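Single-structure report; data block below.
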There are 2 protein chains.
Amino acid sequence: MATIKEVAQRAGVSIRTVSRVLNDNPYVADATRECVLRVIQELDFRPSAAARYMRTGQSQLIGFLTDELAQNAFSYDLIIGAQQTAWERQKLLFLLNTGNDPHVERRAINMMRDHQVEGIIYATMYHREIIRSQFPEDIPVVLVNCFADDRSLPSIVPDEIGGGRLATETLLNQGHRRVGFVNVAAQEPAPLGRMAGYRQALANYGIPFDAALVRFIEEPFEGLATSTYDCVLSLLEMDDPPTAIFCFNDMMALGAYDAVRKSNLRIPEDVAIIGYDNVEILAAQIHPPLTTIELPNFEMGRLAVRMLLGEAGSIQDGRPGQHMIECPLIVRGSV
Amino acid sequence: MATIKEVAQRAGVSIRTVSRVLNDNPYVADATRECVLRVIQELDFRPSAAARYMRTGQSQLIGFLTDELAQNAFSYDLIIGAQQTAWERQKLLFLLNTGNDPHVERRAINMMRDHQVEGIIYATMYHREIIRSQFPEDIPVVLVNCFADDRSLPSIVPDEIGGGRLATETLLNQGHRRVGFVNVAAQEPAPLGRMAGYRQALANYGIPFDAALVRFIEEPFEGLATSTYDCVLSLLEMDDPPTAIFCFNDMMALGAYDAVRKSNLRIPEDVAIIGYDNVEILAAQIHPPLTTIELPNFEMGRLAVRMLLGEAGSIQDGRPGQHMIECPLIVRGSV
DNA sequence: CTGAAAGCGCTAACAA
DNA sequence: TTGTTAGCGCTTTCAG
C-alpha cells in the first residue's frame, strides 16, 4: 500500500500538500490538487486510518456489544439500524457477542478501548436491568433494550406497557370483550409491562379484569409454542372462553394457532390472535398472517448510534436520557 | 487514557521497559516487571492498538462484508461463528452490510482498507457467483456462500447436491416411494443443486424420476409459504399422490404443513415433510417439529476466519481453495 | 537486564 | 499557495 510520502514524491509536492488535498483544505492551487489527485488514483493510495487517528484522536470506530442478542432471530434489524446509521456517518462498527460471560465482556470492552472506539453500544437480548459498574467511566456508552441500575447511562428501551395496551385495545376495538392473555412467568420488564398494558386497556374500556383469562408459561422457555398450545387449548375449553388472545410473542402465537385449529375454530372469525415482536419470518408466513406488535429494533439501533455521537438526547434535563420507544401495530390477518 | 510514557515515568523506568513488559519480553527483572504491572493496573493503562499497528503492521482487524445477509434470519450463526473465531484469535470484526449496492460495496471495501484490515470475508445471502474484480488484489479475501467467476478467490459454500440427496434419501429410507419436491424456479446453485441431489437419491434407490412430483415456485418469492401451500395441495390431489415432500426451505415447509392439515392428513403418518436451512425459530417451534437439513452457517463463519488467517486451506493444490461444506440432517418429528 | 533514539503515516503550527 | 518540522503512542534496533 502506498504512503503519503510516495504520493508526494511522485506528484512533486510536499507531504503537507498531499495532506491538504486529502482533507479538502482550500489552500491548494487547482492545478496542484488535480495533479495530486491523479497520482492518488494511479497509486490507489488510501490514507491510513490508524495514522490519522494518532493525530486527530478520531478513530471513527464504534463498538457494538451484545450479550447473546445475535443468537436469536429477533434482532437483525437492531444491528442493521446501527450499522447503517454508522455508515452514513462514515463510522465502522465492531461487532462483538459476549455470550453473557462477564469475563468475556470485560475483555471485550478493553479490546474496544484498545482500538479507541468513540463509544460503545451495549444491547441485550431481553429487556432487563444491568449493572453500571461493568462499564468504564471514560468512554460513552448507550444501552439498548436494557438500563443501568442507577440510570447513569443513556438508554433506549421499548415501551412495553404501551405495546401491551395497544395489542389489547386492538382486540377490544374489534368488539372482543373476553380477551385472553398468554404471558410468560418472569419478573422482567417485558412480561410485567405488557401485563400492565393489558390491564390499562381493559380499564380504558371499562371491562373488569378476569384472572382466569390470563395464563403464565413457566420456565424453562424451550418449546414455548408447545406450552402455549396447551395453554390456549385450556383457555378455549372454558365455559366462557375468550374470543381473542394476546400472546406474549410471535413464537407463542404459533402455538396458539395450532390450538385454535385443533379446537376447530377459525382465525380470526372465531378467535382473534395478536402477537408481539413482529418476527417477519414467522408472522408474515403463517396462515393467516399474524397481526402483531413490532419491536422497533431498526429504530432503536439507529437512535443508539445517534445518541452515541451526541446527535440525539443522550442527555435529558441534565441526566442521561432514558428513552422509551413506541411499539407500533402491524396489521395482518389474524385479528 | 494513560500513555506508555506516563506509565514509564510513574514506574521510574524507561518507555522501552514498559514496552517489554507489555510484550512479554523475558529480559525484564521480575521486580521491575511487577512494579510496571502494578502501575499499569493503577493507571488502567491499555496500549493503543493504532499506535501499535503503526509499528507492527498488525491491525488485528477483520472485515465482514455482507450483501444483504443480515436482513434475513438465516445467517446469525454465520456472523457468530466468524465473530467467535476472530475473538479467540484476539481479532475484532467489522460488520458492514452493503444492501447489494455496488457503490456502497466499493466504498465499504475502501473503508476497510483504510483501517488496514488483515482481510475481508464476503458473505452473500444466497449461494451465487460473484465478480472477482470487485475485490482488490492486495488484500486477502474469503468468500462465503458464493464463489468468484474465475475461482481466483478462496471460497466456502454449502454442498447443495449432497444436502438435496440427504433430504431425499432420508425420506426414501423411511420407505417412501412417491417423493414430491417443491423447488423454487431460479437458475442458482441452491435450487439447481438440491434438484440434482434429489435425482441422485432417486437413482440410488432405483426409482424412476417423475416430473409430475416436482413443482417450481415462480418469482417473486414473497409469500413463499402461501405459494407452497397451493403447490402441495395440488400435489396431494394427484391420483397417485406423494407420501413425502421435500421442501426447498423451512419457510416453504410451513406452507406444506398447512396444506397437509387442510387435506385432513397427518404429519408424518400420512405425509412426511422435510425442509432445508434449519431455521430454528420455525423448525423447532412448529408442530410436529420439522426435520430438516442444516445450512452449517456457524461452521462456515468459523472456517472463513481460519482461512483468512491462513490456518486452513485457503490454498489447495496451489489454487485458491474452493470448499464445500456438508449439510447435516437435523432429525425432529416430521419424517 | 535497561535506556536513548529512530520512525511507522499522518496532521497541524509555523514559516516562507 | 506551499514546505518544514514536530509529534501522536508505540515498537525496535543498537548501545550500554
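Here is the naming used below: chain letters follow the sequence lines, and residue numbers restart at 1 for every chain. None of the values given here were measured: they were computed from a predicted structure.
The separation between A:Asn25 atom CG and D:dT1 atom P is 10 Å, rounded to whole Å. Across the protein-nucleic acid pair, B:His115 atom NE2 and C:dC10 atom P stand 13 Å apart, rounded to whole Å. D:dG3 atom C1' lies 17 Å from atom OH of A:Tyr27, rounded to whole Å.
The side chain of A:Thr32 places no N or O atom within less than 4.0 Å of a non-bridging phosphate oxygen (OP1 or OP2) of D:dT1.
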Inset, instruction - Sugar-phosphate atoms are those with a prime plus P, OP1 and OP2; base atoms are the rest. Using that split, label each nucleotide of nucleotides 8-16 of chain D B, S or - for protein heavy atoms under 4.0 Å, 5' to 3'. - result: BBBBBB---
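Here the straight-line distance linking atom CG of B:Asn97 with atom OG1 of B:Thr66 works out to 3.5 Å at 0.5 Å rounding.
In this pair, B:Tyr76 and A:Tyr76 present their aromatic rings tilted. The plane angle is within the 30 to 60° band.
No hydrogens or angles considered: nothing links the side chains of A:Tyr126 and A:Glu188 as a donor-acceptor pair under 3.5 Å.
For B:Glu88, the CD atom is densely surrounded, since the number of other residues' heavy atoms within 6.0 Å is greater than 12.
Between B:Arg46 and A:Asp114 there is a salt bridge, since at least one side-chain N of the basic residue sits less than 4.0 Å from a carboxylate O of the acidic one.
A centroid separation of less than 6.0 Å is found between the aromatic rings of A:Phe94 and B:Phe94.
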